[in-house]
Structure formats: structure tokens, C-alpha cells
S.K.: 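Have a look at this one.
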Amino acid sequence: MKNQENFILAIESSCDDTSAAVLCNKKVLSNVVATQEIHQKYGGVVPELASRAHQQNIVPVVHQALAQANIDKKQLSAIAFTRGPGLMGSLLVGASFAKSLSLGLAIPLIEVNHMQAHILAHFIEDREQESPDFPFLAMTISGGHTQIVLVKSYFEMEIIGETLDDAVGEAFDKSAKLLGLPYPGGPLIDKYAKLGNEKAFEFPKPKVDGLNFSFSGLKTSILYFIQKKTKENSEFVTENLADICASIQFTILEILMDKLKLAVKQTGVKRIAIGGGVAANSGIRSRLANAEEEFGWKTYIPKFEYCTDNAAMIGIVGHFKFLEKDFAEQNIAAKARYKLSS
Ligand code: KG4
Ligand code: ZN
């Protein structure tokens, strides 16, 4: 029904992607992402450069999102933005822009937790994806986070496991850097892994109790392994790239799957949803797809464009908060550390 439609403009600027989306209720009308290429030559995100690039991108990206959605800004019901967690300089650009626009248009402002958004991305209405029933387990795997969350409702979420050091995306990116691959190396490891033997080399799995993760030891063992092998043969990495990538990816996937199995055992919840940039990994996608038959789980894998950082996922949280009239004040501050809480 026309009068129940709400149009949310969502803005995401927590790291190195500037994104804007327009949603009509739970449907995505547009989802524009400007990826910042500048960081590639530094082998990682440079916060000051990210902030500057967001300032350059935000106006054209928002214009494009409105144009693609065929929506005039006067039709908007509210503006949702990523409040955190993320890089402060990056968050400030999105937050300031969202505040000014909501003030200028005299429409509500909605603040969104980026991690909640990765989880609720599963509720975007799309023919190609199904939404999980509550409760479910969400494993959020990205460049900044690695968490297992027990999701009881749209707004009740309990972190039951998280990384004690590096995020899984960092493990991918740092391993790739050791192999001389450009940033972000995760997708490249995925690409080469498809051509290699995952059992070619063995890397140790960390021993961490319970549902927590640790990835810093893996990075160190890969470093020592490469140093040792290149001493024996300076062409070792080039000659064995596919096998090394496949073996690294295998180890990381084993770590993730072991913890998921334990989480299912502890909670009795067999609905598993993944989110975050690493959820784009073809290995984890096929492991989870197979887990339906292998372990009797029901798994939810979001569409590729809703895995990596995007504003559509911010918009879906915006939609649910809009229905609750959960609006933010104009003096709200961005939050670099913003814990996901119930
Ligand atoms: O969620 P995201 O876009 O940004 C953060 O909030 O961190 O995640 C980015 C991370 C990077 O570490 C990137 O290397 C990783 O996701 N990534 C992948 C793949 N695609 C993106 N890692 C492994 N395989 C992939 N196909
Ligand atoms: Zn993210």
C-alpha cells in the first residue's frame, strides 16, 4: 500500500568504501559503492586518505543512488548512517553529511551499528535470498571483525565468540601481503586457492578455548614458513602460489567451521547466517552450502553485494528502526568503537 511505503537513504563510510543506497521498505532501489583504489599502493587502508576520499565521493555517490532509485530527495522518509564501529575520520564524513541532509530536509536521522547491519543484511527483500527465522547464529567475518552472534530478534543480539587479536579478513590480507599480493588480498587468495591443493602445506590451527578466535599466530607461522622456503628456493612463492593460497584458505576455513560447529553444539541453534566481506569467499560459501546436508544445518549466505561493505545493509537497519521510530538526535557523535549489544 502506497501510504505505508517508506524511503530510506542510507550512507556507509566506516572504512574505505563510500556507499549510498535507497530502500523502499525492505527492497533495495539502488546501492552504489565507490571503492577507494588509493590504498592499494600502501598495502592497507590509510585512515587519513580514506577520510579525504570519502569527502570527495560522498556527494556524487549520494546523487547516483538517488538517480538510480529514481527518487527525489523530497520523497525521502529518513536518513540512516553508519555511526560505528570504524575509522573515526571516515565515520565523521558520513555522519556529518547525514546530519546536514536530515536537518535540511527536516526528516528523521537514524544511527546504525555497522555490525548489526552486516547481520540484518539477510532481511533485505530479494528474490535471490531467503531470510532466517529467529533465533539464528550469525558469523560476521570481515576485515575489522570476527564474531559469532546469537541473534534473538532484529535488535536483540548476543556476541558469544569473537577474535582476541586479528580479524579473519586481516588474516587473509596479511597472508596475501607476505606473498607479495596487493591489498586487499582476500579475494586474490580465494582466486588462486581454486587452482591449488589445499593439503599441500600444513599450518597450525590456534588453540583458543570456547568460541573465541585468534589469527595472529597463523600470520606468524606463514611468515616463518615463507622465510624458510625462500631461503631454500628464491622462487618458492611464485612456483607454489596456488598451493600456498589453497593451504592458507583451508586452514582459515577449518578454524571458522570448528567454531561454528561448537556454537551449534552449545546453543542448539542450527540456523547459520554469515555476513561481512569474507562471506564473499567461495570456500566458506561452499562449505556452508554443504553443511546443510552434512550437519543438517540451514545456512543463509547473502548475495555477494550485501556481503562486503555497502549502504543497503545500513538501509535495512534504518527501515526497522524507522518502524520503531527509533530516531537519533542531531548532536549524536560517531563512535569508532561501538559494541554490538542487545
Ligand atoms: O566487510 P568488509 O568489506 O569491510 C570491513 O568491514 O572490514 O570486509 C573486507 C574484508 C577484507 O579483509 C577482504 O580481503 C575480505 O573482506 N574479502 C575476502 C574476500 N572478499 C573480501 N576474503 C576472502 N575471500 C574473499 N573472496
Ligand atoms: Zn564491514
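Remember, it's 1-based here, ligands and their atoms both numbered in the order they're listed.
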S.K.: Do the charged groups of E254 and R287 touch, with an N to O distance under 4.0 Å?
M.R.: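 Answer for the salt bridge query: yes.
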S.K.: List ligand 1 atoms under 4.0 Å from G143, heavy atoms only on the residue side.
M.R.: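 Listed by number with element, the hits are 5 (C), 7 (O), 8 (O), 9 (C), 10 (C), 12 (O).
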S.K.: Looking only at atom types and distance, does a side-chain atom of H122 sit under 3.5 Å from a main-chain N or O of Q129, one as donor and one as acceptor?
M.R.: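 No, H122 side chain to Q129 backbone: no donor-acceptor pair under 3.5 Å.
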S.K.: Specify the protein heavy atom at minimum distance from atom 22 (N) of ligand 1: its residue, its atom name, and the distance to 0.1 Å.
M.R.: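 Of every protein heavy atom, G186 CA, 3.5 Å lies nearest to atom 22 (N) of ligand 1.
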S.K.: Relative to ligand 1, is H145 under 4.0 angstrom through side chain, backbone, both or neither, heavy atoms considered?
M.R.: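 No part of H145 comes within reach of ligand 1.
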S.K.: Which bit of N281 gets closer than 4.0 Å to ligand 1, counting heavy atoms only: side chain, backbone, both or neither?
M.R.: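 It is both parts that get close, each with some atom under 4.0 Å.
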S.K.: Is any NZ, NE, NH1 or NH2 atom of the basic residue among E329 and K99 found under 4.0 Å from an Asp or Glu carboxylate oxygen of the other?
M.R.: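 No, no charged N to carboxylate O under 4.0 Å.
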S.K.: So, for F201 and F236, is the gap between ring centers shorter than 6.0 Å?
M.R.: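 So the answer is yes for these two rings.
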S.K.: Would you call K339 and E162 a salt bridge, using N to O less than 4.0 angstrom?
M.R.: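 Yes, this pair counts.
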S.K.: Once the angle between the rings of H118 and H114 is folded into 0 to 90°, is it parallel (under 30°), tilted (30 to 60°) or perpendicular (over 60°)?
M.R.: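 Rings of H118 and H114: perpendicular, as their planes differ by over 60°.
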S.K.: What residue and atom, counting heavy atoms only, is the protein's closest point to atom 26 (N) of ligand 1, and at what distance?
M.R.: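 Answer for atom 26 (N) of ligand 1: D190 OD2, 2.9 Å.
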S.K.: For atom 15 (C) of ligand 1, what's the nearest protein heavy-atom neighbour? Residue, atom name and distance, please.
M.R.: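 The closest heavy atom on the protein side is V278 CG2, 3.9 Å.
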S.K.: For atom 12 (O) of ligand 1, find the nearest protein heavy atom and state the residue, atom name and distance (0.1 Å precision).
M.R.: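 Nearest protein contact, heavy atoms only, for atom 12 (O) of ligand 1 is D173 OD2, 2.6 Å.
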S.K.: Quick one: look up the protein heavy atom nearest atom 8 (O) of ligand 1 and list residue, atom name and how far away it is.
M.R.: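 Its nearest protein heavy-atom neighbour is G277 CA, 3.3 Å.
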S.K.: Does the side chain of N25 pick up a donor-acceptor pair with the side chain of N6 at under 3.5 Å?
M.R.: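 Yes, a side-chain donor-acceptor pair sits under 3.5 Å.
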S.K.: Closest approach of L23 and I316, non-hydrogen atoms and distance?
M.R.: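 Nearest heavy atoms, L23 then I316: CD2-N, 3.6 Å.
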S.K.: I'd like to check which ligand 1 atoms, numbered from 1 as shown, lie under 4.0 Å from a non-hydrogen atom of H114.
M.R.: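 In order of numbering, the contacting atoms are 6 (O).
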S.K.: Show which atoms of ligand 1 fall inside a sub-4.0 Å distance from at least one heavy-atom site of H118.
M.R.: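 With H118 as reference, the close atoms of ligand 1 come out as 1 (O).
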S.K.: Between F123 and F320, what is the ring plane arrangement, given parallel below 30°, perpendicular above 60°, and tilted in between?
M.R.: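 Perpendicular.
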S.K.: CD of E202: more than 12 outside heavy atoms within 6.0 angstrom?
M.R.: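 Not more than 12 within 6.0 Å, no.
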S.K.: Hey, which atoms in ligand 1 end up nearer than 4.0 Å to a heavy atom of A280?
M.R.: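 Under 4.0 Å from A280, ligand 1 has these atoms: 20 (N), 26 (N).
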S.K.: Passes salt bridge (charged side-chain N to carboxylate O under 4.0 Å, His left out), D133 versus R271? Steps please.
M.R.: CA-CA 8 Å; D133 287 334; R271 281 181 290 270; 5.1 Å; no
S.K.: Heavy atom of G144 under 4.0 Å from ligand 1?
M.R.: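 The answer is yes: ligand 1 sits under 4.0 Å from a heavy atom of G144.
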S.K.: Can you see whether Y338 engages E111 through a side-chain donor-acceptor pair at a distance of less than 3.5 angstrom?
M.R.: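 Judged by distance alone, the side chains do pair up.
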S.K.: For ligand 1, is any non-hydrogen atom under 4.0 Å from D309's backbone (N, CA, C, O), its side chain (CB onward), both, or neither?
M.R.: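 Near ligand 1, D309 shows its backbone as well as its side chain.
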S.K.: Should you measure from each heavy atom of G169, which atoms of ligand 1 turn up under 4.0 Å away?
M.R.: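 Here the atoms of ligand 1 in question are 12 (O).
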S.K.: Restricting to distances shorter than 2.8 Å, give the number of protein N, O or S atoms close to the Zn ion (ligand 2).
M.R.: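 My tally for this metal is 3.
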S.K.: Among all residues two or more places apart in sequence or in another chain, which pass the side-chain hydrogen bond (donor to acceptor under 3.5 Å, both in side chains) test with S234?
M.R.: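 Partners of S234 under the side-chain hydrogen bond (donor to acceptor under 3.5 Å, both in side chains) test: none.
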